[in-house]
Protein chains: 2
Amino acid sequence: MDDCGNYKNYLNEHGMKSTKQRNLLLSILAKIQTPQTAEKLYLQAIKSDSSINLSTVYRVLEKFTEKNITIRTSFLDDKSVYSLYPKTHQHQLICMRCKKIVLLEHCPLEDFEKSVEESTHFSVVNHRLELYGYCRQCQKIIAMG
Amino acid sequence: MDDCGNYKNYLNEHGMKSTKQRNLLLSILAKIQTPQTAEKLYLQAIKSDSSINLSTVYRVLEKFTEKNITIRTSFLDDKSVYSLYPKTHQHQLICMRCKKIVLLEHCPLEDFEKSVEESTHFSVVNHRLELYGYCRQCQKIIAMG
DNA sequence: GTCTTAAATGCAAATAGTTTGCATTTGCAT
DNA sequence: ATGCAAATGCAAACTATTTGCATTTAAGAC
């Protein structure tokens, strides 16, 4: 298990114990940068450690999310997906056909939120923005009928 | 059943039969303007028609969504919610404490989508935007500790 | 009005993604 | 090494939603 132990300090800093399973899932998430379902992460994990359990994957991801190591979201009505807590604020552009996900670094909502706060008297603390469309590849395939 | 039959033309125009259950759900949705879960709509419906079945509610909503009579979405990781297909493009502002939903009519994404299309070569066809925060009422409650 | 037929519905069971209970194992401080 | 709380494996349970099937119903033709 090459990756075991790599994230021990990181986990300890977040008030968590460094377990084999946690290190494994962190290394998988670090390798696959885009959001993944719990099941997909589980399927990756059993390639390295066949004893890991799906419920453990869910539990680890839940704990990670609680400690702001990962974030959890979902796209349209799909399953929950998890990714490492982004270093910079970002959004997603998702191809509706092949499900490819492109990360978008620029956020256009700052002024909008300010004006919404003024007109609604809400305090806005978070938002969710995804763009959906078709990637170049899928546009070609769709155009061919 | 006062509302039975009110939406017969509307349903026929959308290629659907006018049933008691469909009319009832349409009238409930028209009365409650904000997105509702299937279960909540079911609970409202049985007040008028105790014979209606939850699976029928789901089926009706599914069919409505297919015919663009309603839209289906979900907020954060909550249950699916349904609302009448909005006459104008809109987004939602959701209070994270009391779940109150405010509809936002202005959409700030037009220019953003154009620039994303140019930088990614995607064709953007849809988006999803929600703002989350705290309403005035809940801000007061939170401030009181 | 009657008849026909495909769609819609009620009811109960099934599904799928996720969570929970409990016994056992493990990380980590001492 | 010891002790203890947290983490894990395994199987069962939960929850929101979907599905199968028999029955009912809307709507068009006549």
Side-chain angles (χ1 to χ4, degrees), chain A residues 1 4-26 35-43 45-46 48-67 69-70 72-82 99, chain B residues 1 3-26 28 35-43 45-46 48-67 69-70 72-82 99:
Chain A
M1 186 45 58
C4 193
N6 276 10
Y7 300 96
K8 181 175 164 60
N9 287 341
Y10 186 65
L11 288 164
N12 293 165
E13 279 162 20
H14 284 81
M16 299 178 67
K17 293 180 179 180
S18 169
T19 67
K20 184 176 61 169
Q21 297 83 353
R22 290 173 177 182
N23 274 277
L24 176 56
L25 286 169
L26 271 179
Q36 302 292 316
T37 61
E39 194 192 20
K40 285 225 175 79
L41 291 167
Y42 168 68
L43 292 177
I46 53 175
S48 302
D49 174 11
S50 60
S51 67
I52 194 167
N53 196 268
L54 179 58
S55 67
T56 297
V57 173
Y58 276 108
R59 280 176 163 141
V60 168
L61 293 172
E62 163 78 22
K63 192 79 179 189
F64 278 176
T65 301
E66 185 188 305
K67 300 286 188 176
I69 291 177
T70 56
R72 166 179 163 169
T73 187
S74 60
F75 301 131
L76 288 182
D77 295 309
D78 259 359
K79 291 163 278 198
S80 289
V81 292
Y82 301 81
K99 307 300 175 189
Chain B
M1 186 45 60
D3 290 322
C4 192
N6 276 9
Y7 299 96
K8 181 173 161 64
N9 286 341
Y10 186 65
L11 289 166
N12 291 168
E13 280 162 19
H14 284 81
M16 298 178 67
K17 294 181 177 179
S18 168
T19 67
K20 185 176 62 169
Q21 297 83 354
R22 289 172 178 183
N23 275 277
L24 175 57
L25 287 169
L26 271 178
I28 293 169
Q36 301 293 317
T37 61
E39 193 191 21
K40 285 226 175 79
L41 291 166
Y42 168 68
L43 291 177
I46 53 175
S48 302
D49 175 13
S50 59
S51 67
I52 194 167
N53 197 269
L54 179 58
S55 66
T56 297
V57 172
Y58 276 109
R59 281 179 162 135
V60 168
L61 293 172
E62 163 77 25
K63 192 82 180 187
F64 277 177
T65 301
E66 187 189 305
K67 301 285 189 176
I69 290 176
T70 56
R72 165 178 166 170
T73 188
S74 61
F75 301 132
L76 287 183
D77 295 310
D78 259 359
K79 292 164 277 199
S80 290
V81 291
Y82 301 81
K99 309 299 177 190

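Residue numbers start from 1 in every chain, and the chains themselves are labelled A, B, ... in the order their sequence lines are given, proteins ahead of strands.
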Indicate every side-chain donor-acceptor pair of residues 53-60 of chain B with a distance under 3.5 Å to a residue at least two apart or in another chain.
residue, atom, partner, partner atom, Å
Asn53(B), OD1, Ser55(B), N, 3.1
Asn53(B), OD1, Ser55(B), OG, 2.8

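Helical stems in DNA chain C, defined as runs of 3 or more consecutive Watson-Crick or G-U wobble pairs with donor-acceptor distances under 3.5 Å: C:1-30 with D:1-30.
Computed from coordinates, the His14(A) NE2 to dA6(D) C1' distance equals 18 Å when rounded to whole Å. We find that CZ of Phe64(A) is positioned 17 Å from P of dT18(C), with the value rounded to whole Å. Straight-line distance from the NZ atom of Lys63(A) to the P atom of dA5(D): 15 Å, rounded to whole Å. What separates CD1 of Ile52(A) from C1' of dC10(D) is a distance of 14 Å, to the nearest Å. Taking atom CG on Leu24(B) and atom P on dG10(C), their separation rounds to 11 Å, with Å as the unit. In this structure, Glu66(A) places its CD atom 9 Å from P of dA7(D), rounding to the nearest Å. Taking atom CD1 of Ile46(B) as the reference point, atom C1' of dT9(C) lies 16 Å away to the nearest angstrom. Going from atom CG of Asn9(B) over to atom C1' of dA26(D) covers 15 Å, rounded to whole Å.
To the nearest 0.5 angstrom, His14(B) atom NE2 is 12.0 Å from Glu66(B) atom CD.
In terms of the side chain to side chain contact (heavy atoms under 4.5 Å, CB included) criterion, residue partners of Phe75(A) (sequence neighbours excluded) are, by chain and number, Pro35(A), Thr73(A), Val81(A), Gln92(A), Ile94(A), Ile101(A), Glu130(A), Tyr132(A). For Lys40(A), the side chain to side chain contact (heavy atoms under 4.5 Å, CB included) partners are Gln36(A), Thr37(A), not counting sequence neighbours. With sequence neighbours left out, the side chain to side chain contact (heavy atoms under 4.5 Å, CB included) criterion links Ile46(A) to Tyr42(A), Leu43(A), Ile52(A). Arg72(A) pairs by the salt bridge (Lys or Arg N to Asp or Glu O under 4.0 Å) definition with Asp77(B), not counting sequence neighbours.
One side chain, Thr65(A) or Thr70(A), offers a donor N or O that lies under 3.5 Å from an acceptor on the other.
Contact annotation: Gln21(A) side-chain N/O to dG9(D) OP1/OP2 distance is under 4.0 Å. When the side-chain nitrogen and oxygen atoms of Asn53(A) are compared with OP1 and OP2 of dC10(D), one or more of them lie within a distance under 4.0 Å.
Leu11(A) and Ser18(A) get closest at one heavy-atom pair: CD1-CA, 3.8 Å.
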Kindly give the atom pairs (protein nitrogen or oxygen, nucleotide nitrogen or oxygen) under 3.5 Å for nucleotides 28-30 of chain C.
residue, atom, partner, partner atom, Å
dC28(C), OP1, Ser18(A), N, 3.0
dC28(C), OP2, Lys8(A), NZ, 3.0

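A donor-acceptor contact shorter than 3.5 Å links the side chain of Asn23(B) to the backbone of Thr19(B).
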Let me have a per-nucleotide readout for nucleotides 12-23 of chain D, 5' to 3', with B, S or -, counting only protein heavy atoms under 4.0 Å.
----SBBBBB--

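Between Lys63(B) and Ile69(B), every side-chain heavy-atom pair lies at or beyond the 4.5 Å cut-off.
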What verdict does the side chain to side chain contact (heavy atoms under 4.5 Å, CB included) test give for Lys20(A) and Ser51(A), after you've listed the backbone C-alpha separation in whole Å, the side-chain angles of each residue and the deciding distance to 0.1 Å?
CA-CA 11 Å; Lys20(A) 184 176 61 169; Ser51(A) 67; 4.2 Å; yes

